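Below is one structure, written out as structure tokens, with a few remarks after it.
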Amino acid sequence: APVDPEYIPPFILASWERCRESGITTEANSIVRVDALLLEQAQRLNSDLLCSARSIMDKLFSVVRATRCSISLTDGSGLVLHTLRSEGDGPDVLPGQIATETVSGTNGIGTCLVEQETVTIIGAQHYCARHHVWSCTASPIRYEDGTLAGVLNVSIARESYHLHTRGMVEASAHAIAEQLRLRLLLQEQKALIEMLDEGVVVLEGDGTIRTLNNKAQAMLDLPPDAV
């Protein structure tokens, strides 16, 4: 049926056109998941992203958990790595699921991957009818150089959508990106001090060991858990 672009955001219309061209039907109901081994490998490869995101996702979930909802983290390809989900009738987004447009039609994660910016898909803006009961907001998580690390998505019951949701998701994605940056920076620092021939010990203000290299550990005869 003809679509009036005056009432449909251009990025939604463009997504619908991509879905139609890829052969997805509005009644499509398939969920594609990778096997447990591939999921485990993806989680291991993205361990820094997961460690950076978990506590922030927990805090965000504590805000929205009273509604039917799920919070999902994907890698840069749209593979779901981690999900927090309300009990009973929350959205069926689970780890291992592939949430790209070519699999799931217009949706927060898949369309965010295409647009490379925060998107909100409300109700019938989803291409597949089974998603019409949800509102999804997804925001990209970027490495310091701007490349995509993953996507943070919040899906809530359509009737519970609030304009503040977008701001919360964007702020959370930014916080995850900052945690990821700091985590990688500390790893880089650790790698650099390991290259030195001298023993290096970094202390907190109260004298607690913050970090040390293997040379210092051997010289001081410290146990592996000294830090």
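All values derive from a computational prediction rather than experimental measurement. Count residues from 1 along the sequence. Both backbone and side-chain heavy atoms feed into the values below; hydrogens, waters and symmetry mates do not.
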Problem set entry | Any side-chain heavy-atom pair of L212 and L222 under 4.5 Å | yes

For this session: For the pair T67 (side chain) and V64 (backbone), establish whether a donor and an acceptor sit closer than 3.5 Å, ignoring hydrogens and angles.
Result: yes

Problem set entry | Backbone of V200 reached by a side-chain donor or acceptor of N213 within 3.5 Å | yes

Exercise. Is a donor on one side and an acceptor on the other found under 3.5 Å between the side chain of S172 and the backbone of M168?
Worked result: yes

Exercise. Linking I/L/V/M/F/W/Y whenever their side-chain heavy atoms sit closer than 4.5 Å, directly or via other members, would V32 and L94 fall into one cluster?
Worked result: no

Exercise. Does any N or O in the side chain of S15 come within less than 3.5 Å of the main-chain N or O of F11, such that one atom is a donor and the other an acceptor?
Worked result: no

Exercise. I98, V93: one ILVMFWY side-chain cluster at the under-4.5 Å cut-off?
Worked result: no

Problem set entry | Euclidean distance, R54 CZ relative to L50 CG, rounded to 0.5 Å | 5.0 Å

Problem set entry | Over 12 foreign heavy atoms within 6.0 Å of NE2, H174 | no

Exercise. Just wondering, do R85 and R68 contact through their side chains at under 4.5 Å, heavy atoms?
Worked result: no

Exercise. Would a hydrophobic clustering, with Ile, Leu, Val, Met, Phe, Trp and Tyr connected at side-chain separations under 4.5 Å, put L184 with I56?
Worked result: yes

Problem set entry | Non-hydrogen side-chain atoms of L79 and T74 separated by less than 4.5 Å | no

For this session: Let me see the working for T102 and S22 under side-chain hydrogen bond (donor to acceptor under 3.5 Å, both in side chains), right down to the final yes or no.
Result: CA-CA 7 Å; T102 54; S22 66; over 6 Å; no

Problem set entry | Side chain Q125, main chain I122, donor-acceptor under 3.5 Å | yes

For this session: Measure the shortest side-chain to side-chain distance between E144 and L180 over non-hydrogen atoms and say whether it is less than 4.5 angstrom.
Result: no

Problem set entry | Student check: side-chain heavy atoms of I141 and V151 closer than 4.5 Å | no

Exercise. How long is the gap from CD1 on I71 to NE2 on H82, to the nearest 0.5 Å?
Worked result: 9.0 Å

Exercise. Between the side chain of T26 and the main-chain N/O of A129, is any donor-acceptor distance below 3.5 Å?
Worked result: no

Problem set entry | Which atom of G78 lies closest to which atom of L113, heavy atoms considered | CA-CD1, 3.5 Å

For this session: May I have the step-by-step check of side-chain hydrogen bond (donor to acceptor under 3.5 Å, both in side chains) for E170 and S139, ending in yes or no?
Result: CA-CA 6 Å; E170 285 188 316; S139 192; 5.0 Å; no

Exercise. Around atom CD of E178, are there more than 12 heavy atoms of other residues, nucleotides or ligands at under 6.0 Å?
Worked result: yes

For this session: Please step through side-chain hydrogen bond (donor to acceptor under 3.5 Å, both in side chains) for the pair T120 and R166, ending with a clear verdict.
Result: CA-CA 7 Å; T120 297; R166 186 183 182 98; 3.3 Å; yes

Exercise. Under 3.5 Å, is there a donor-acceptor pair between the side chain of D58 and the main chain of F61?
Worked result: no

Problem set entry | Joint hydrophobic cluster, L185 plus L192, side-chain heavy atoms closer than 4.5 Å | no

Exercise. Rounded to the nearest 0.5 Å, what separation is found between the OG atom of S72 and the CG atom of L84?
Worked result: 8.0 Å

Exercise. Backbone N or O of H126 within a donor-acceptor pair of the H132 side chain at under 3.5 Å?
Worked result: yes

Problem set entry | Pair E188 + R183, salt bridge at N-O below 4.0 Å | no

Exercise. When rounded to the nearest 0.5 angstrom, what distance separates OG1 in T137 from NE2 in H164?
Worked result: 13.0 Å

For this session: Measure the shortest side-chain to side-chain distance between L186 and K190 over non-hydrogen atoms and say whether it is less than 4.5 angstrom.
Result: no

Problem set entry | Close side-chain approach of Y127 to R18, heavy-atom, < 4.5 Å | no

Exercise. Counting distance only, does the side-chain N/O of Q43 pair as donor-acceptor with the main-chain N or O of L81 below 3.5 Å?
Worked result: yes

Seminar exercise, completed: The reported gap from CG in N29 to SG in C128 (rounded to nearest 0.5 angstrom) is 8.5 Å

Exercise. Can you tell me how far the NE2 atom of H131 sits from the OG atom of S155, to the nearest 0.5 Å?
Worked result: 9.0 Å

Exercise. Cluster question for you: counting only ILVMFWY and a side-chain heavy-atom cut-off of under 4.5 Å, with indirect links fine, are V103 and L148 together?
Worked result: no

For this session: Evaluate side-chain hydrogen bond (donor to acceptor under 3.5 Å, both in side chains) for E101 paired with T111, printing each intermediate quantity in order.
Result: CA-CA 6 Å; E101 278 190 348; T111 305; 2.9 Å; yes

Problem set entry | Side-chain donor or acceptor of N107 paired with backbone N/O of A99 under 3.5 Å | yes

